[in-house]
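Here is the structure we will look at, set down as structure tokens.
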Amino acid sequence: GDLIYLAIAGVLPWSRAPHVIVDAHWQAEDGFAGHLQRLLFRLGRRVIHEVQPHSPEEIEIYRSRFGIPPDRVRPLVWSTSLTGYEDIRPGPQRNRVIVTGGHSFRDYPPLFEGVHRAGLHLRVGLPESPITASTRRLAERLSGVEVVSDWTFHEYWEQVANAPVFAMPIPGWLNRCTADQTILNAMSFGTVVVASSAISSRLYIRHG
């Protein structure tokens, strides 16, 4: 939707306002989808003042995949999103259950398999949806993996705050940031975060 708007703004001759695109989260695609993305960017390039993704790693991606000049790409790192949850504090003793969650660009199969093989216990916070249904079917075949769909947001962050480890499985093929605020929220509770090596996780986590 934002790319279509940008293209329309770019081709309307009376549209002269410089546009700043905040929190840009575009996954660069190949094939027809990639050609369409680049076409929309070209149409809207005239009004683009600045594009703000999250990571410096994305500057080259936006240049090579979308045709946005590097001097118009300004990465701004994310922050936490825990306003309203100030009452959540880790308890005196953390649970022995690993926690994860979320739908957007998650690579759950290898995480589930690893938990199963290691004899660990993982809770996955996912609201009900078709994606959750398929994830639950996968979890039911492996011991130690529990999909929970009735947590409120408050209960979810309580689980994260009291977990020894928060796991974030990000697909290796991804060329955009994802899960930034989730990783940072977990870190803000003092929970150890383990994540796949990806554009977003490399912003906040140093190996070792």
- prompt: Can you find a heavy atom in the side chain of P56 that is under 4.5 Å from one in the side chain of P75?
  reply: yes

- request: Examine distances only and state if a side-chain atom of S15 and a backbone atom of A9 form a donor-acceptor pair shorter than 3.5 Å.
  value: yes

message: Side chains of H103 and T132: any donor to acceptor distance under 3.5 Å?
response: yes

- prompt: Below 4.5 Å, heavy atoms only, C-beta onward: do R136 and S149 meet side chain to side chain?
  reply: yes

- prompt: Are any of the side-chain nitrogens in R137 or E140 under 4.0 Å away from the carboxylate oxygens of its partner?
  reply: no

query: Where does the angle between the aromatic ring planes of W157 and F189 fall among parallel (under 30°), tilted (30 to 60°) and perpendicular (over 60°)?
result: tilted

- prompt: Less than 4.5 Å apart, any side-chain heavy atom of I98 and any of L120?
  reply: yes

query: Under the side-chain contact (heavy atoms from CB on, under 4.5 Å) criterion, do F112 and L122 qualify, and how do the steps go?
result: CA-CA 8 Å; F112 290 3; L122 173 74; 3.7 Å; yes

task: Kindly work out whether a path of hydrophobic side-chain contacts (I/L/V/M/F/W/Y, heavy atoms less than 4.5 Å apart) joins V165 to V193.
output: no

message: In this structure, is the centre-to-centre distance between the rings of Y204 and W78 below 6.0 Å?
response: no

message: Do H121 and E146 make a side-chain contact, defined as non-hydrogen atoms from C-beta onward lying under 4.5 Å apart?
response: yes

message: Could you walk me through whether L6 and V47 satisfy the side-chain contact (heavy atoms from CB on, under 4.5 Å) test, starting with their C-alpha distance in whole Å, then the side-chain angles of each, then the deciding distance to 0.1 Å, before giving a yes or no?
response: CA-CA 8 Å; L6 186 67; V47 297; 4.0 Å; yes

- request: Give, for atom CG of L76 and atom CG of D23, the distance between the pair rounded to the nearest 0.5 Å.
  value: 9.5 Å

field: Test side-chain contact (heavy atoms from CB on, under 4.5 Å) applied to Y156 and T182, step by step
entry: CA-CA 11 Å; Y156 174 70; T182 310; 4.2 Å; yes

Path from V115 to V147 over hydrophobic side-chain contacts below 4.5 Å: yes

query: Once you round to the nearest 0.5 Å, how far does CZ of F153 lie from CG of L82?
result: 12.0 Å

- prompt: Does any N or O in the side chain of N95 come within less than 3.5 Å of the main-chain N or O of A163, such that one atom is a donor and the other an acceptor?
  reply: no

field: Donor-acceptor contact present, side-chain R45 to main-chain P69, <3.5 Å
entry: no

query: In the single-linkage hydrophobic clustering (I, L, V, M, F, W, Y; side-chain heavy atoms under 4.5 Å), do I88 and V99 co-cluster?
result: yes

task: Say whether I8 and L36 are linked into one hydrophobic cluster, either directly or through other cluster members, by side-chain heavy-atom distances under 4.5 angstrom.
output: yes

message: For H154 and D87: C-alpha separation, side-chain torsions, deciding distance, then whether side-chain contact (heavy atoms from CB on, under 4.5 Å) applies.
response: CA-CA 10 Å; H154 195 280; D87 60 320; 3.0 Å; yes

- prompt: So, for T178 and S200, which heavy atoms are closest and what is the spacing to 0.1 Å?
  reply: O-OG, 2.7 Å

- prompt: Do you reckon I170 sits in the same ILVMFWY cluster as L203, going by side-chain contacts under 4.5 Å, direct or chained?
  reply: yes

task: For N162, check side chain to side chain donor-acceptor pair (under 3.5 Å) against everything at least two apart and list the hits.
output: none

task: Please round to the nearest 0.5 Å and tell me the distance separating atom CG of L138 and atom OH of Y108.
output: 11.0 Å

task: State the CZ-CG distance between F66 and L40, to the nearest 0.5 angstrom.
output: 10.5 Å

message: Check R72 with E50, please: is the shortest side-chain N to carboxylate O separation under 4.0 Å?
response: no

- request: Compare all side-chain heavy atoms of I48 with those of I68 and state whether any distance is below 4.5 angstrom.
  value: yes

statement: Between H49 and P18, the two heavy atoms sitting closest are CB-CB, 3.7 Å

task: Could you tell me whether a side-chain N or O of R89 sits under 3.5 Å from a main-chain N or O of E86, the two making a donor and an acceptor?
output: yes

query: Is there side-chain contact between E58 and I199, with heavy atoms separated by less than 4.5 Å?
result: yes

- request: Can you see which heavy atom on A7 is nearest to which on L43, and at what distance?
  value: CB-CB, 3.9 Å

- prompt: Members other than V22 in its cluster, when Ile, Leu, Val, Met, Phe, Trp, Tyr link by side-chain heavy atoms under 4.5 Å?
  reply: V20

- request: Nearest 0.5 Å please: distance from the OG1 atom of T80 over to the CE atom of M187.
  value: 12.5 Å

- request: Hey, can you tell me if W26 and Y62 have their rings parallel, tilted or perpendicular (30° and 60° cut-offs)?
  value: tilted

task: For the residue pair R94 and T191, confirm or rule out a side-chain donor-acceptor distance under 3.5 Å.
output: yes

- request: Using atom types as modelled and distance alone, determine if a side-chain donor or acceptor of T100 lies under 3.5 Å from a backbone N or O of A167.
  value: yes

message: Does any part of the side chain of L39, heavy atoms only, come nearer than 4.5 Å to the side chain of R42, both counted from C-beta?
response: yes

task: Say whether N185 and Y85, considering side chains only, have a donor N or O and an acceptor N or O under 3.5 Å apart.
output: no

- prompt: Can you list the steps and then say if D107 with S196 is a side-chain hydrogen bond (donor to acceptor under 3.5 Å, both in side chains)?
  reply: CA-CA 9 Å; D107 189 17; S196 315; 6.0 Å; no

message: For R46, is the CZ atom crowded, meaning more than 12 foreign heavy atoms sit under 6.0 Å from it?
response: yes

E113 and L142, any side-chain heavy atoms less than 4.5 Å apart: yes

- prompt: Short question: side chain of H19, backbone of A17 - any donor-acceptor pair under 3.5 Å?
  reply: yes

message: Under a 3.5 Å distance rule, please check whether R106 uses its side chain to pair with a backbone N or O of G101 as donor and acceptor.
response: yes

task: Please work out which of the three classes, parallel, tilted or perpendicular, describes the rings of H54 and H25, given edges at 30° and 60°.
output: perpendicular

message: Test side-chain hydrogen bond (donor to acceptor under 3.5 Å, both in side chains) on S197 and R202; report intermediate values, then the result.
response: CA-CA 6 Å; S197 180; R202 286 191 292 267; 2.8 Å; yes

query: When rounded to the nearest 0.5 angstrom, what distance separates CD in Q27 from CZ in R65?
result: 8.0 Å

